[in-house]
Amino acid sequence: MNVEDTPMDTRTGSIALARVRDLAHRVIARTRYLAGHSPARIAILVFAAAVLLFTALLMLPIASRTGTITALPDALFTAVSAVTVTGLTTVDTGEHWSMFGQVVILAAIQTGALGVVTIALLLARMVTRRLGVSGRVFAQSSIGTTGLGDVKRLLRVVVVTTFTIEFVLMLVLVPAFIVVEGSFGWGLWYGVFYAISAFANAGFTPHVGGIGQFANNPWILSSLAIGVFVGSFGFPVFLNLIRAKWTRKRWTLHTKLTIITTIVLFVLGTIAWAGFEWANPATIGGETWWAKIGNAFFASAMLRSGGFAVIDTESMTATTMLLSDALMFVGGGSGSTAGGIKVTTLAVLFLAIWAEAKGTQHTNAAGRRIPNSTLRLAISVVFLGATLVLTATALLTTVSNATLDRLLFETVSAFATCGLSVGISAEVGPFGKYVLSALMLVGRVGPIALASALAVRQRRELFRLPDERPIIG
């Protein structure tokens, strides 16, 4: 049978099938290359794909209580906020989204809790059957391996630790919500949702109006605060504690800096927040002294990137907002569900300043010397974060008449994936929502990608230029 005798439909179908097959081969080959040579880019692609998937699900009529299609800016914003475990919302989660929509949001939060790095590395292993040097360096710089050979074990620790801590939180929260709701079914749902949301530092709440109705329930609030606090330490710390079996002598420098800095910021944040809001009648001014202290502890824990709030955040004083900006910008531990520039970045910069003040040549801490490359990386992360916040704030000023302190608070919260809000997200319109969505994505992935990219790009110099000191200060 000649080609001329073949039916036109059959030939057209064969050509189309061949093109699809060729495209698939090229996509797989490109994915293999990226997985082996640029896992940071794979991580970004995985994050973008997850956002698109959850956005499409949230736009389905079944996802809203009214049975109508949710507008793209709101669906996209919610999907980004959930996947990046931020917690900012443009619509009330409990009021706007149906049970299906809330399940989608919870699935997105769990995806974010496992982490873009974990997903990217798992994908890299599935595609390439191994992790190249760049993939291992990516894991080392982002979720904290102690060497280039323990990535597989670290991935297992990340998954097991996440589900174990969430399960423990569920055991604590489910009975409390059963008592509050008077229903086993709703108590189980709320317990599961808040357990995942708390450990992921997401700050989403399925209750209409948020968790303000539980302001007088210390059991629920303390459980949420502990979940957020533990989640902010990070998987590298968990891995080291598991290996060291709580023997302090075997703690790594990263573990020591993370725990010490986190505790110091938590205590100082509690004291400062209580002092600035003690007499504010719009927040805790009318409460008893022990209620004020309890609120201060809870607020300080949430500023680690938690996002839950029992008071009207917009009613805080300008001084408290500025304090909150600083604490949110720092965030939690590296490789954790928290955002920000990370507490170890702050600790390294402080130690470098202290070493400069003392006139010592090297930056030392806990019997270890911190390499200059780590200091340069810390400076780069801080500069990137500050630039992103400044740019996003400037863009929001073009579409909003809100005061600068409110705009800055919202942008810092978005970059640090904190989730505390003063209402700007719902006010700025589609353009502002897209800006904040991009900031949440970059804030979640950007520091990780920057750190891994700089680590991979390090190269040996074969010559040294003459020293010359420019004038500083």
Going from [atom1] on [X] to [atom2] on [Y], what distance comes out if it is rounded to the nearest 0.5 angstrom?
X: Ile105; Y: Trp97; atom1: CD1; atom2: CH2; value: 6.0 Å
X: Phe77; Y: Ser437; atom1: CZ; atom2: OG; value: 5.5 Å
X: Phe415; Y: Leu436; atom1: CZ; atom2: CG; value: 13.5 Å
X: Arg406; Y: Thr313; atom1: CZ; atom2: OG1; value: 11.0 Å

Side chains of Val208 and Asp92 in contact at under 4.5 Å (non-hydrogen atoms):
yes
Checking side-chain polar atoms at under 3.5 Å, does [X] have a donor or acceptor matched by the opposite partner on [Y]?
X: Thr411; Y: Thr393; value: yes
X: Thr93; Y: Gln102; value: no
X: His96; Y: Ser64; value: no
X: Ser81; Y: Thr78; value: no
X: His207; Y: Glu181; value: yes

Take atom [atom1] in [X]; do more than 12 heavy atoms of anything else shown fall under 6.0 Å from it?
X: Phe229; atom1: CZ; value: yes
X: Ile62; atom1: CD1; value: no
X: Tyr434; atom1: OH; value: yes
X: Ile69; atom1: CD1; value: no

Exercise for the section: Over 60° means perpendicular and under 30° means parallel, so classify the ring planes of Tyr194 and Tyr190, tilted if in between. Expected result: tilted
Q: Assign the ring pair Phe238 / Phe199 to parallel, tilted or perpendicular, where the plane angle (0 to 90°) is split at 30° and 60°.
A: parallel
So salt bridge (Lys or Arg N to Asp or Glu O under 4.0 Å) across residues 57-85, not counting sequence neighbours, yields Asp74-Lys433
Verdict with reasoning, Thr89 to Ser425, per side-chain contact (heavy atoms from CB on, under 4.5 Å) | CA-CA 7 Å; Thr89 58; Ser425 298; over 6 Å; no
Query raised in the report: Could you go step by step and tell me if Arg369 and Thr363 meet the side-chain contact (heavy atoms from CB on, under 4.5 Å) rule?
Result: CA-CA 6 Å; Arg369 190 180 78 180; Thr363 303; over 6 Å; no
Between Phe298 and Phe308, is the ring centroid distance below 6.0 Å? no
task: Report the C-alpha distance between Val330 and Thr345 in whole Å, list the side-chain angles of each, state the deciding distance to 0.1 Å, and finish with yes or no for side-chain contact (heavy atoms from CB on, under 4.5 Å).
output: CA-CA 8 Å; Val330 174; Thr345 304; over 6 Å; no
